[in-house]
2 protein chains.
Amino acid sequence: MAKRSTVIDVAESAGVGASTVSRHLRGITVRPKLAERIEKAVRELDYEPDETARSLRGGRSRTIGVLFPKVSNAYFSHALQRIEELASEQGYTVALLTHHNDPKEQLNDLLTLRRCRAEGVIITAMPGTTLQDIRAVLPSEPIVSLDSFFSPELDSVLLQNRQSAANATRHFLEHGYKAVACVTARPGTYSYRERMDGYSAELRSRGLQSRMIVAQDYPELDEMLRVELSSEQRPEALLALSDTAVLHIMKLFQELRLSPAQRPKMIGFDDFELAAFLDVPLSVVRQPIPEMVDAAMNSLLRQIKEGTTPGTQTLSMPGQLIIRNSCGCK
Amino acid sequence: MAKRSTVIDVAESAGVGASTVSRHLRGITVRPKLAERIEKAVRELDYEPDETARSLRGGRSRTIGVLFPKVSNAYFSHALQRIEELASEQGYTVALLTHHNDPKEQLNDLLTLRRCRAEGVIITAMPGTTLQDIRAVLPSEPIVSLDSFFSPELDSVLLQNRQSAANATRHFLEHGYKAVACVTARPGTYSYRERMDGYSAELRSRGLQSRMIVAQDYPELDEMLRVELSSEQRPEALLALSDTAVLHIMKLFQELRLSPAQRPKMIGFDDFELAAFLDVPLSVVRQPIPEMVDAAMNSLLRQIKEGTTPGTQTLSMPGQLIIRNSCGCK
DNA sequence: CTGTTAGCGCGTTCAG
DNA sequence: CTGAACGCGCTAACAG
């Protein structure tokens, strides 16, 4: 590990003071002759400023933390992609942490973020998280909640979950389907709860009964689905609240050897590129991920810049109902 | 922004010296009475060590850098997921950077990693990267190349690209197809090059001519595909070297209104959960992502632990040919 | 405009 | 086993 040069090495080599080097490197005007000598010394010594020292000195880590349940699905990986791009444009580095919906891990991750002096945090918190949980660890750092909501005192960026679910449900109703069921696991998750509400409200407004196929986890959901889909009064249509729910439903269709004609109609949440090429092209509610991330990062950067500004603003973005065939449309 | 407590605050509050606090917190034995007083002070002052100061002092940033072209596809997002899990188990934080196959960005990202004193780096380098490009910025830090190869002096973890492509090609041949084409964009990419080689070698060994549908970028690939698939001598089978290539092919099938029976057979690279539910269930070469990441992280951590150990070892993992229907099988 | 100096918060000496 | 003092590399404050 070759020893790294420091400002002082550069300063000596250039025959100037350390702070002159520092200033020049940060774009503050210095005498042109000195500037040149500094540049030369930097090149010769292969100098690169030490970010850890800079962080300590300046109290700014130039790091923003991203705390997601996981990153291995379409929604989070696309969101992360865009976060990284915007962050790096602004000179920030992304520290990535995932909590897997485990409270212990989430707490740990928050502590890590605190120890690292993350200047801001974008979080999709696990169900049941409270503002106190967060503020106990991160008392006053800028935070934006993405796709989760647990306090009006925090900026949140969300899908218009209720409305989107209601729209999708209404679409089924307009097809003339009466027996529309709502399927999801992990019903504690904020966005799922909202979507369930939107679905129920829409049915209720038409005097129809809601039918929940809701399980705590996915193995349990598989069981419930098996029962429901084998029954005589199989639902005519399914509103699947997540891409994972869609996947489990599809697996069951296959297991039960249901031909496309025999299957209930379906609308899912979260679009993906191959959705149009499924055996029955999948109709979905698409989330405006880039716009959501832009809003979240704007809020976060503004909070960072303006100091202790608790934005106290929640943005809900409309979902787009992408009609393909699984909803019953031709 | 509430002021943070420091070791000294804790020391004063506990009536001990600063170094005693530091020692206790790092698990070194201290007098039990003092230990208790320290714990109490830590709780009262809500003290949490400052990682930036620690990094500066100790020269260890406890950060590992991940530099990928992007994270918004199945392969990279799953790899990243596992990297994050292993890193955080070992007390490391992941700094995420993406280079979008732009040399300028890649260089920038490497500089960032250097400034941050990343203790190790996992990189999927862009085509054309040389060892010198990397070592010019990161002279001697532990590095593992994942899914890219540019020097035997660096530990690399790869798919057995050539063999996997050859196997898939052979599978087509066993079906009796003669006109097997290979389709990809970005032919400079290391793994695509290898797959092309494996494909060609297999055909050559049977005395067959290879047929490359290879473009610099995806728009150009679309053009080529349109021509090739509309021609009289349309290929019987397509080996698609990436999930993106598969997607573009599927789009074209749709645009050309090719019924499943009319389409060329196809095998893709990279499995995804819904591959089994496409209108023609997709046969693919699946990469053993968890095993690849485990190997990469093992190597990286070993290098970090053992100091300046240039592992100089390249691991190739076998791909698994997942047979569904698109290859011509029932 | 420039150079010198003093910390940022921690861990690691060195005496005691 | 403990505490005081130093220094990691940088930048803000001060004095020239």
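First the proteins, then the strands, lettered A, B, ... as listed; each starts at 1.
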Q.
Under the side-chain contact (heavy atoms from CB on, under 4.5 Å) test against A:Ser88, which residue among A:Glu85, A:Gln90, A:Glu84 passes?
A.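 Only one of A:Glu85, A:Gln90, A:Glu84 forms a side-chain contact (heavy atoms from CB on, under 4.5 Å) with A:Ser88, namely A:Glu84.
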**Q.** Global bending angle along the helix from C:dC1-D:dG16 to C:dG16-D:dC1, which compares the axes of five pairs at either end, to 10 degrees
**A.**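 The helix from C:dC1-D:dG16 to C:dG16-D:dC1 shows an end-to-end axis angle of 40°.
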Q. With sequence neighbours left out, which residue pairs that include part of residues 29-42 of chain A fulfil the salt bridge (charged side-chain N to carboxylate O under 4.0 Å, His left out) condition?
A.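 Those involving residues 29-42 of chain A are A:Lys40-A:Glu44.
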Q.
For residues 120-131 of chain A, which residue pairs pass the side chain to side chain donor-acceptor pair (under 3.5 Å) check, not counting sequence neighbours?
A.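 For residues 120-131 of chain A: A:Gln106-A:Thr129, A:Thr130-A:Asp133.
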Q) Which side chain to side chain donor-acceptor pair (under 3.5 Å) pairs, counting each pair once, include a residue from residues 65-76 of chain B, with sequence neighbours left out? A)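 Found none.
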Q: Report which part of the nucleic acid A:Thr29 touches: base, sugar-phosphate, or nothing (heavy-atom distance under 4.0 Å, all strands).
A: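 Result for A:Thr29 = sugar-phosphate.
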Within this structure, what is the [atom1]-[atom2] distance for the pair [X] and [Y], rounded to the nearest 0.5 Å?
| X | Y | atom1 | atom2 | answer |
| --- | --- | --- | --- | --- |
| A:Leu301 | A:Glu119 | CG | CD | 10.0 Å |
| B:Glu153 | B:Ile143 | CD | CD1 | 11.5 Å |
| B:Leu111 | B:Cys116 | CG | SG | 10.5 Å |
| B:Gln287 | B:Ser191 | CD | OG | 7.0 Å |

Q | Nucleotide range of DNA chain C lying under 4.0 Å from chain A heavy atoms | A |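 Range of nucleotides touched by chain A: C:dC1 to C:dG9.
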Q. Side-chain contact, heavy-atom cut-off 4.5 Å: B:Thr63 with A:Thr93?
A.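 No, their side chains stay 4.5 Å or more apart.
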Q: Report, as a single string ordered 5' to 3', how protein heavy atoms within less than 4.0 Å touch nucleotides 4-14 of chain D: B base, S sugar-phosphate only, - not at all.
A: B--BBBBBBB-
Q: Would you kindly say whether A:Gln303 and A:Ser299 are connected by a side-chain donor-acceptor distance under 3.5 Å?
A: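 Their side chains do contain a donor-acceptor pair, which is all the 3.5 Å distance test asks for.
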